[in-house]
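What follows is one structure encoded as structure tokens, with my remarks underneath.
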Amino acid sequence: VLNPKVYSTLDKQIVLEMASIHADIFDARVLCGHRGANLDAVAREALGLYDQFLTSFTRKQHEGQETNYEGMDQGVLVAHFQKARLYSRLAPSDRGERIANLERSLSEYV
């Protein structure tokens, strides 16, 4: 286990890669015609990892430092776009939750 305070850049890269792998697994399962709670669980795991990646940058801002993407501008954009895509592809049975997911998706693009 890496100490995220000591190896922050490497930790961020690993978390982003893990999120990307989960998103790829989600896409592969959708292409194979899978549906259900297990598929949504994979998408939610990817969303959680993308959130973890993005919050690693905002923590510095709350500590009184400027937000510095440390050369990871592309990774931050990819994380936002992937989150938007995953939210739009979640298929809950509740209509209200579906609308909330689409609103979250739209907010990631803004």
Side-chain angles (χ1 to χ4, degrees):
V1 177
L2 291 175
N3 184 343
K5 291 181 181 178
V6 176
Y7 299 102
S8 65
T9 302
L10 184 59
D11 181 63
K12 290 173 187 176
Q13 290 172 343
I14 290 171
V15 170
L16 183 61
E17 189 63 30
M18 287 174 49
S20 177
I21 289 168
H22 279 79
D24 290 344
I25 291 170
F26 175 82
D27 290 338
R29 287 185 177 177
V30 167
L31 287 175
C32 291
H34 292 201
R35 275 278 143 220
N38 193 14
L39 186 62
D40 281 355
V42 173
R44 293 198 186 282
E45 182 69 25
L47 287 166
L49 288 165
Y50 283 124
D51 280 336
Q52 181 181 343
F53 173 75
L54 291 169
T55 57
S56 69
F57 294 105
T58 56
R59 260 186 264 134
K60 285 185 173 183
Q61 190 175 22
H62 293 305
E63 293 171 0
Q65 299 176 1
E66 272 186 41
T67 301
N68 181 7
Y69 294 130
E70 300 168 13
M72 294 192 155
D73 298 338
Q74 183 178 1
V76 170
L77 289 174
V78 166
H80 281 292
F81 290 141
Q82 287 291 346
K83 279 181 63 181
R85 187 182 63 80
L86 287 167
Y87 274 125
S88 71
R89 297 190 69 188
L90 286 175
S93 58
D94 180 40
R95 184 176 183 197
E97 190 176 342
R98 175 82 174 136
I99 291 170
N101 286 340
L102 291 173
E103 288 173 348
R104 286 184 200 123
S105 176
L106 183 59
S107 72
E108 290 296 330
Y109 286 116
V110 176

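Because only heavy atoms are used, hydrogens play no part in the values below, and waters and symmetry mates are left out as well, while side chains stay in.
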Could you walk me through whether Glu108 and Phe81 pass the side-chain contact (heavy atoms from CB on, under 4.5 Å) test, one step at a time?
CA-CA 7 Å; Glu108 290 296 330; Phe81 290 141; over 6 Å; no
Should we say atom CZ of Arg95 is surrounded by more than 12 heavy atoms from elsewhere, each under 6.0 Å from it?
no
Hey, are the side chains of Lys12 and Leu16 touching, using non-hydrogen atoms and a 4.5 Å cut-off?
no
Connected via hydrophobic side-chain network under 4.5 Å: Leu77 and Leu54:
no
Starting at CG of Asp73, measure out to CZ of Phe57 and round the result to the nearest 0.5 Å.
8.5 Å
Might you confirm whether atom OH of Tyr7 has over 12 heavy atoms from other residues, nucleotides or ligands at distances under 6.0 Å?
no
Would you say Arg98's side chain and Ser88's backbone share a donor-acceptor pair under 3.5 angstrom?
yes
Do Phe53 and Leu49 make a side-chain contact, defined as non-hydrogen atoms from C-beta onward lying under 4.5 Å apart?
no
Flag side-chain contact, heavy atom, 4.5 Å: Asp11 against Ser56
no
Does the side chain of His80 come within less than 4.5 Å of Tyr109's, by heavy atoms?
no
Enumerate, atom names and distances included, each donor-acceptor pair closer than 3.5 Å involving a side-chain atom of residues 37-45, sequence neighbours excluded.
residue: Arg44; atom: NH2; partner: Glu97; partner atom: OE2; Å: 3.2

Under a 4.5 Å cut-off applied to non-hydrogen side-chain atoms, are Tyr50 and Leu86 in contact?
yes
